[in-house]
Amino acid sequence: MPFVTWTDDFSVHDLRMDDQHRMLFDYINNLCDVMDRDRARPAILDAYQKVLDYTGFHFRDEEALMERVNYPGLSKHRLVHQQLVTRALDFKERIKTGDAAAPDELKYFLKNWLTAHIKGIDVQYSAYLGPKGSH
């Protein structure tokens, strides 16, 4: 059973962003599977690096979209992204140093980040996308 499940209420009404959000769900679910079955640091770090890499790609693409549609909340949204990345990198360091609590705390951080960020913050730019996410 997936740790996080995509449902239509996560849609920001842009096909590209929705697809990227679905991919983030997939990467996070894969990481959680690795953490549940293989507590070895190298395996966890490898799966987590994939989450971090894809998140970086997604944040850049999402910010570019917000720029194209002149979303007035872009600077605030960009700051939230930076804060999330900083926190995510802190978890990476904790895992590297063998902090036993880090994997479980990371799972819940990622779940809360993903669900709260999409439903609470990302949906705010939806109104600027035009009909059916035409960007």
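Bear in mind the structure is a predicted one, so any value in this text is a computation, not a measurement.
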Query raised in the report: Mind checking whether Ile121 and Leu79 sit in one hydrophobic cluster, side chains of I, L, V, M, F, W, Y counted as touching below 4.5 Å?
Result: no
Report task. Can you sort out the partners of Tyr27 under side-chain hydrogen bond (donor to acceptor under 3.5 Å, both in side chains), two or more places apart, ordered by chain and number? Result -> none
Report task. Could you list the residues that satisfy side-chain contact (heavy atoms from CB on, under 4.5 Å) with Ala101, not counting sequence neighbours? Result -> Arg94, Asp99, Glu105
Query raised in the report: Between Arg41 and Ile95, what is the shortest heavy-atom contact and its length?
Result: CD-O, 2.7 Å
Report summary line: Value for CD (Gln83) from NE2 (His81), rounded to nearest 0.5 Å, stands at 11.0 Å
Report task. Just grab all the salt bridge (Lys or Arg N to Asp or Glu O under 4.0 Å) pairs involving residues 113-130, residues at least two apart or on different chains. Result -> Asp9-Lys119
Query - Side-chain donor-acceptor pair present, His77, Gln124, cut-off under 3.5 Å - result: no
Query - Pair Tyr54 and Phe59, ring centroids less than 6.0 Å apart - result: no
Query - Verdict with supporting geometry, Arg16 and Glu62, side chain to side chain contact (heavy atoms under 4.5 Å, CB included) - result: CA-CA 9 Å; Arg16 183 179 174 122; Glu62 187 174 63; over 6 Å; no
Report summary line: Scanning both residues in full, the closest heavy-atom pair of Asp14 with Met17 reads OD2-N, 2.9 Å
Query raised in the report: If you look at every heavy atom in His13 and Asp18, which pair is closest and at what distance?
Result: N-OD2, 3.8 Å
Query - Residue pair His21 / Val12: nearest heavy atoms and the distance that separates them - result: CE1-CG1, 4.0 Å
**Report entry** By side-chain hydrogen bond (donor to acceptor under 3.5 Å, both in side chains) - contacts of Asp90 (at least two apart)
**Finding:** none
Query - From CG (Leu31) to CG (Leu106), nearest 0.5 Å - result: 5.5 Å
Requested in this report: Report the C-alpha distance between Phe10 and Thr115 in whole Å, list the side-chain angles of each, state the deciding distance to 0.1 Å, and finish with yes or no for side chain to side chain contact (heavy atoms under 4.5 Å, CB included).
Outcome: CA-CA 8 Å; Phe10 286 105; Thr115 58; 3.6 Å; yes
Query raised in the report: Which heavy atom in Tyr108 sits nearest to a heavy atom in Asp104, and how many Å separate them?
Result: CD1-O, 3.1 Å
Query raised in the report: Say you draw a straight line from NZ of Lys50 to CD1 of Ile28; how long is it, rounded to the nearest 0.5 Å?
Result: 14.5 Å
Query raised in the report: Hey, are Arg60 and Glu63 close enough for a salt bridge, meaning a charged N less than 4.0 Å from a carboxylate O?
Result: no
Query raised in the report: Backbone N or O of Phe25 within a donor-acceptor pair of the Asn29 side chain at under 3.5 Å?
Result: yes
Report task. Rounded to the nearest 0.5 Å, what's the gap from CG on Asp36 to CZ on Phe3? Could you check? Result -> 8.0 Å
Report task. Report yes if some heavy atom in the side chain of Gln20 is under 4.5 Å from a heavy atom in the side chain of Leu24; otherwise report no. Result -> no
Query raised in the report: With no hydrogens and no angle check, is any side-chain donor or acceptor of Asn30 less than 3.5 Å from a backbone partner on Ala47?
Result: no
Requested in this report: Could you pull out all residues at least two apart from Asp53 that satisfy salt bridge (Lys or Arg N to Asp or Glu O under 4.0 Å)?
Outcome: none
Query - Separation between CG of Leu110 and SG of Cys32, rounded to the nearest 0.5 Å - result: 6.5 Å
Report summary line: Residue set satisfying side-chain hydrogen bond (donor to acceptor under 3.5 Å, both in side chains) with Asn112, at least two apart, ordered chain then number -> none
